Amino acid sequence: MQFIHDNTDELIEMLHGKEALRIVVTTHHKPDGDAMGSSLGLYAYLKQLGHTVNIITPTDYPRFLHWMPGHKDVIVYEGNEKKCKLITDDAQFIFCLDFNDLKRINEYGPIVENSKAEKVMIDHHREPSNFDSYRYWTYEASSTSELIYEFIKKCGHTDKITSRIADCLYTGIMTDTGSFRYRGTSSNTHRAIAELIDKGAQNSLIHELVYDSNTMLRLKMMGFVLYEKIEILQAYKTALIYLTKEELARFDIKTGDTEGFVNYGLSIEGIKLSVLIIDRTKLVKMSFRSKGDFPCNEFARDHFEGGGHKNAAGGQSSDTLENTIVKFTEVLKLYKNQLQ
Ligand code: 5GP
Ligand code: MN
């Protein structure tokens, strides 16, 4: 794998030294499969090296990831603010996984920023900001979990990849590649996956645990969304889904329940851009997916305080749902040529 930025040699020496280090592993808010897979995988590896490691997530994460090895050790910042601050202030190293801007960890951001600990960024999103002293970064990796696999390999420790670590990293790579189909999936990704299976990753079971865990209510909501809520903006080859607060309440939507919806828009023939807009409690959350060259990350960055990857990005708006939809359709006009 070609690394655009890797200055971790000195860090690795310290990790391999005799001294037990106090380490925090954290990831972005509303963590997805890759965020949790990479964090729990690295967490287990660093503990094996004899360090004192805590894993902190800014918020809760989907129920379909609660089976993951190490889940019970995760400390959620929301609700455990004091404890997390103490641990973070006292840490010597903070590993920041699957994000590259402290805005992505909400109120936990300033605590990480103000801690004297050295920050380590391991990430695959474009346009990293500068808050770290060590960085293992390239947007060419399929997932942060693939990077953790590479990092452990770089450490010369593939023998330390237990079946539990393999399960974590497999989950992250699988979810971030849409089960090995998105553009970021490389031969390197498949080699990593093959080796993880050799290390004991329960590949078929993991697909089942992650994707066959619908509640009946969620399935009905999906039916409702597909039947009534996809709008096609033909002039822009764009599919739009929005969900109101009433709809979220009607289907008792919890963290992770709307995951994957945005992909249905993109599965329609001829559609180049798909957008999901959700009226969450505090703000309006947006997901963007594209086919081909349309840069979702730039679109999200320039208009909706977001970012991500070229074909998958997210953003937000503090305006009302109605106004956000209006703004979206207005902004879309600027991209008419690109979407043809
Ligand atoms: P999702 O639509 O699944 O929430 O996110 C798609 C991708 O964009 C993920 O890789 C995620 O990390 C990134 N992303 C989502 N929301 C934001 C955001 O508000 N800001 C930034 N910079 N990236 C985001
Ligand atoms: Mn990721």
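This is a predicted model, so every value here is computed, not measured. Counting starts at 1 for both ligands and their atoms, following the listed order.
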message = Here's one to test your reading of the geometry: is the NZ or CZ of Lys229 within 45 degrees of the ring axis of Tyr264 and under 6.0 Å from its centre?
response = no

ask   = Can you check whether His303 and Tyr335 have ring centres sitting under 6.0 Å from each other?
value = yes

message = So does Val112 get a backbone contact from the side chain of Lys119, meaning a donor-acceptor N/O pair under 3.5 Å?
response = yes

Return a table of N or O atom pairs, ligand 1 on one side and protein on the other, at distances under 3.5 Å, rounded to 0.1 Å.
residue, atom, partner, partner atom, Å
ligand 1, 2 (O), Ser287, OG, 2.6
ligand 1, 2 (O), Arg289, NH1, 3.0
ligand 1, 2 (O), Arg289, NH2, 3.3
ligand 1, 3 (O), Arg289, NH2, 2.9
ligand 1, 8 (O), Gly314, N, 3.3
ligand 1, 10 (O), His125, NE2, 2.7
ligand 1, 10 (O), His309, NE2, 3.2
ligand 1, 12 (O), Arg104, NH2, 2.9
ligand 1, 12 (O), His125, NE2, 3.0
ligand 1, 16 (N), Arg104, NH1, 3.4
ligand 1, 16 (N), Lys285, NZ, 2.7
ligand 1, 22 (N), Gly307, N, 3.4
ligand 1, 23 (N), Gly307, O, 3.0

query = Are Phe299 and Phe294 close enough that their ring centres sit under 6.0 Å apart?
reply = yes

message = Under 2.8 Å from the Mn ion (ligand 2), which protein N, O or S atoms do you find? Ignore water molecules.
response = Asp34 OD2, Asp98 OD1, His124 NE2, Asp176 OD2

query = With Tyr61, which of His71, His66, His29, Lys30 fulfils side chain to side chain donor-acceptor pair (under 3.5 Å)?
reply = His71

inquiry  = Quick test of your reading: applying ring-ring contact (aromatic ring centres under 6.0 Å, His included), list the pairs with at least one residue in residues 222-251, sequence neighbours left out, ordered by first then second residue.
reply    = Phe224-Phe251

ask   = Listed by chain and number, what are the salt bridge (charged side-chain N to carboxylate O under 4.0 Å, His left out) partners of Lys272, not counting sequence neighbours?
value = none

task = Evaluate the ring planes of Trp137 and Tyr139, with Trp represented by its six-membered ring, and classify them as parallel (under 30°), tilted (30 to 60°) or perpendicular (over 60°).
result = perpendicular

query = Is any side-chain N of the basic residue among Lys47 and Asp73 closer than 4.0 Å to the acidic one's carboxylate O?
reply = yes

